[in-house]
Amino acid sequence: MSLQTPVIDISAVHFGWPGEPVLLRIEKLRIETGERVFLRGGSGSGKSTLLGLVAGIHPVKEGQLEVLGCDFTRMSAASRDDFRGGHIGTVFQQFNLVPCLDVVENVLLPLTFSRALRLSMGGAAVARPRALELLQRLGIDTQLHRRLPAELSVGQQQRVAVARALLGSPRLVLCDEPTSALDADNRDSFVRVLLAETEASGSAVLFVSHDADLAQHFHRSLDIEAFRATSRRMS
Amino acid sequence: MNMLSLACKSLWSRRTGVTLIVVSIALSVILILGVDRIRAETREHFTRTVSGTDLIVGARSSPTQVLLYTVFRMGDPTGNITWKSYQQISAHPKVRFAIPVSLGDSHRGYRVLGTTGAYFEHLAYGEGRSLVFAEGRGFESVFDAVLGAEVAARLGYRVGDAVILAHGTRDDGLSRHNDRPFSVTGVLAPTGTPVDSTVHVSLAGIDVIHAGWGTGAHRVDGAASQSGETQPADIEPKSITAFFIGLHSRMDVFLLQRAINGFPGEALTAILPGVALQALWDLFGTAETALVVVTSLTLLTGVLGMIAGILATLNERRREIAVYRAVGARMRDIVALLVAESTLLALAGAVLGTGMLTLATATLGDFARMHFGFAPSTGMPSPREWSLLAVIVLTGSLAGLIPAWRAYRLSLHDGLTAGT
Ligand SMILES: Nc1ncnc2c1ncn2[C@@H]1O[C@H](COP(=O)(O)OP(=O)(O)O)[C@@H](O)[C@H]1O
Ligand SMILES: [Mg+2]
């Protein structure tokens with residue numbers, strides 16, 4: 001396992017929002033292939049910011065931030081976007097879906113923007129069976145396929161979002177509090193099916209939540225405080 | 001799905017608001033193309049107020065003045081032409097037809113023009129359209145009158161009615177030729193030219209009622225006045241105001257113009273009506289510019305409405321844009337998406353506007369032709385209109401850069417986490 005390129009390899013990355021003091025100071029963070037990592041922390045502590053760095057959304061200038069061996073600190077914003085489309089799946093708290101597209105169109109959406117994905121998957125016609133298969137495995141019935149997101153329950157929407165995140169069998173899936181809009185029953189079944197599917201596609205998972213109960217499903221658990229420039233745990 | 005169909009889907013999902021934007025753009029397209037079309041048609045129509053006539057000859061003065069009093073019946077003639085000169089020139093072998101006209105009288109605010117049957121036979125307007133009788137026919141005897149469409153409609157005259165002319169251009173009731181009423185034998189169809197507002201009488205009739213007017217005294221009765229049955233050809237006027245000439249070959253027009261301008265017997269001016277009309281129209285150049293400014297402003301309003309419409313939706317679409325970013329959209333994709341959106345809106349507005357205008361001109365065309373004598377042309381947009389449409393759509397696209405820039409700023413701030 002350690003012979004393979006790590007999925008995430010961060011060292012000495014300092015990040016602060018423009019005009020503000022440094023927020024995150026990540027001296028070392030490594031996530032291996034297929035590893036499931038839980039990241040917890042309070043609201044406003046910088047969890048989403050960290051995911052944004054790993055997704056290549058926010059530019060990092062200092063230190064080293066490699067995803068699948070690609071150094072984001074040396075890539076242009078556009079090539080980081082391309083990279084994200086082709087290799088990283090994302091699931092957020094809510095409203096993961098484009099309101100004007102139906103379920104299947106939403107799952108196939110990454111093909112619209114990612115050339116890398118179109119190349120690796122061979123266009124929408126070829127990718128469609130994969131999308132339908134994922135939807136089926138995530139428990140989205142065929143009669144829901146033509147529905148708009150607004151016609152689905154929040155739990156169903158989140159499963160569709162997982163199907164989309166896994167469309168290109170990405171090596172990394174980023175989840176930003178995907179269960180916080182779900183009730184307890186839905187939450188557990190969602191996490192189970194998410195982890196089963198990421199396992200099936202061999203994706204590593206970086207899962208952010210303030211809900212410590214979920215940590216048991218993961219190989220490893222981290223606290224955002226470890227990466228914060230100034231600790232908020234003051235005596 | 002490509003980005004264009006994504007933009008279409010997104011627009012379709014917001015169709016209520018989008019329809020309003022498209023309609024407002026369509027309305028400005030209608031205004032822009034409509035005003036431009038009317039402007040072009042008016043110019044076209046104006047510069048063809050007379051056609052088929054190669055030269056207009058009057059007493060020596062400026063071409064514009066000759067044009068004003070002969071064609072538009074405005075202002076006063078500078079002088080007369082002797083009948084002898086008219087006969088000499090009209091007998092020239094290159095002359096195909098000559099129409100003598102005599103001006104100076106009026107009837108209830110409308111100018112009276114004395115002429116011969118040649119007027120109705122040869123005078124044309126527009127693309128060589130000749131005069132048509134809506135009712136009745138031309139002169140048959142000395143005291144016959146033929147009314148332009150507007151005169152007949154405004155004053156409510158029909159064939160058979162009597163018309164009393166007034167001496168001079170102001171009909172104050174004092175200097176009427178009361179002794180000699182003219183009877184209406186015909187009414188012309190509308191032409192959209194000054195012919196509509198002219199009372200045509202036979203040249204001989206004019207001559208008869210003016211016999212004895214040289215001193216300005218009202219003639220009570222006279223031998224000529226009594227001879228109502230006299231045929232027009234029997235009476236030869238001493239002088240006329242001007243005459244229209246048509247040639248066998250248009251090539252000879254300058255030759256003849258030179259000959260007339262240097263006519264030995266009398267100081268005459270021959271003008272080319274098309275050239276003089278064009279020169280007169282060019283005097284209105286500033287009015288045309290004003291029209292262009294007004295239409296540009298309507299385009300601006302339409303486009304501003306569109307920008308406002310797109311900007312208004314942007315805030316609630318931040319989450320949607322964050323989703324695009326999450327699945328790999330680059331910043332330039334977001335910008336392209338919004339520019340595509342405004343381009344589609346402008347395009348839809350242009351298509352709708354052109355369609356509505358075409359429909360309107362097609363249905364109102366006959367009405368306009370009947371009442372104004374001319375109508376905007378129908379059918380496919382002209383090359384000029386295509387380029388106007390292109391400018392409109394391009395303006396719409398460029399305007400899309402404003403909401404696109406706003407979306408760019410928002411997305412840069414939001415990253416992947418707008419609204420969560
Ligand atoms: N786009 C942004 N620009 C400036 N500051 C931001 C931005 N996004 C988040 N922040 C700030 O960064 C800090 C961490 O935010 P975030 O990463 O969203 O926390 P969490 O996800 O842990 O709740 C907060 O103080 C927040 O105000
Ligand atoms: Mg967050």
Side-chain angles (χ1 to χ4, degrees), chain A residues 17-18 47-49 51-53 55-59 76-102 104-118 124 148-150 161 164-165 167-168 174 176-178 180-181, chain B residues 1-19 21 309-310 312-341 344-345 404-405 407-420:
Chain A
W17 290 106
K47 307 183 295 295
S48 297
T49 305
L51 288 192
L53 294 178
I57 285 281
H58 312 309
S76 69
S79 42
R80 291 196 308 269
D81 293 333
D82 268 341
F83 185 89
R84 176 171 64 256
H87 303 285
I88 303 175
T90 50
V91 183
F92 295 93
Q93 184 176 342
Q94 222 182 329
F95 310 120
N96 281 286
L97 307 180
V98 177
C100 60
L101 301 181
D102 71 23
V104 176
E105 287 168 337
N106 258 293
V107 175
L108 292 170
L109 183 65
L111 294 170
T112 300
F113 294 102
S114 172
R115 220 171 69 86
L117 212 56
R118 280 198 297 273
L148 295 176
R164 180 175 67 208
L167 180 73
L174 302 174
D176 195 349
E177 310 198 37
S180 59
Chain B
M1 183 174 346
N2 58 28
M3 277 175 50
L4 199 62
S5 33
L6 184 60
C8 289
K9 281 222 151 128
S10 178
L11 286 172
W12 178 246
S13 72
R14 289 173 279 129
R15 51 192 169 277
T16 319
V18 160
T19 306
I21 296 175
I310 298 180
T313 64
L314 222 47
N315 229 3
E316 57 196 70
R317 294 171 65 202
R318 283 168 83 162
R319 187 61 221 151
E320 178 185 329
I321 290 169
V323 171
Y324 297 146
R325 297 278 284 136
V327 298
R330 297 159 298 180
M331 277 305 190
R332 76 168 95 114
D333 294 329
I334 303 300
V335 169
L337 209 55
L338 278 138
V339 171
E341 211 166 87
L344 286 169
L345 287 174
W405 172 248
Y408 174 86
R409 300 292 309 169
L410 285 173
S411 178
L412 211 56
H413 176 269
D414 291 343
L416 303 177
T417 56
T420 54

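Here is the naming used below: chain letters follow the sequence lines, and residue numbers restart at 1 for every chain.
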Is the CZ atom of B:R409 crowded by more than 12 outside heavy atoms at less than 6.0 Å? no
For A:A77, which atoms come within 4.5 Å of any heavy atom of chain B: side chain, backbone, both, or neither? neither
Using heavy-atom distances under 4.5 Å, tell me whether A:T90 contacts chain B through its side chain, its backbone, both, or neither. side chain
Considering heavy atoms only, which positions within residues 323-332 of chain B lie below 4.5 Å of chain A? B:V323, B:Y324, B:R325, B:A326, B:V327, B:G328, B:A329, B:R330, B:M331, B:R332
Would you name the heavy atoms of A:C100 and B:S10 that are closest together and state the gap between them? SG-CA, 3.6 Å
Do B:M1 and A:L101 have side chains that get closer than 4.5 Å, going by heavy atoms? yes
Which portion of A:L51 sits near chain B, non-hydrogen atoms under 4.5 angstrom: neither
What's the verdict on side chain to side chain contact (heavy atoms under 4.5 Å, CB included) for B:I334 and A:F113, showing C-alpha distance, side-chain angles and the deciding distance? CA-CA 10 Å; B:I334 303 300; A:F113 294 102; 5.6 Å; no
Measure across B:R319 and A:F95 and return the closest heavy-atom pair with its distance rounded to 0.1 Å. NE-O, 2.8 Å
Counting only heavy atoms closer than 4.5 Å, note whether B:N2 contacts chain A via side chain, backbone, both or neither. backbone
When rounded to the nearest 0.5 angstrom, what distance separates CG in A:L109 from CG in B:L6? 6.5 Å
In terms of heavy-atom proximity below 4.5 Å to chain B, should A:R80 be classed as side chain, backbone, both, or neither? neither
Can you see which heavy atom on B:L416 is nearest to which on A:A55, and at what distance? CD1-CB, 3.7 Å
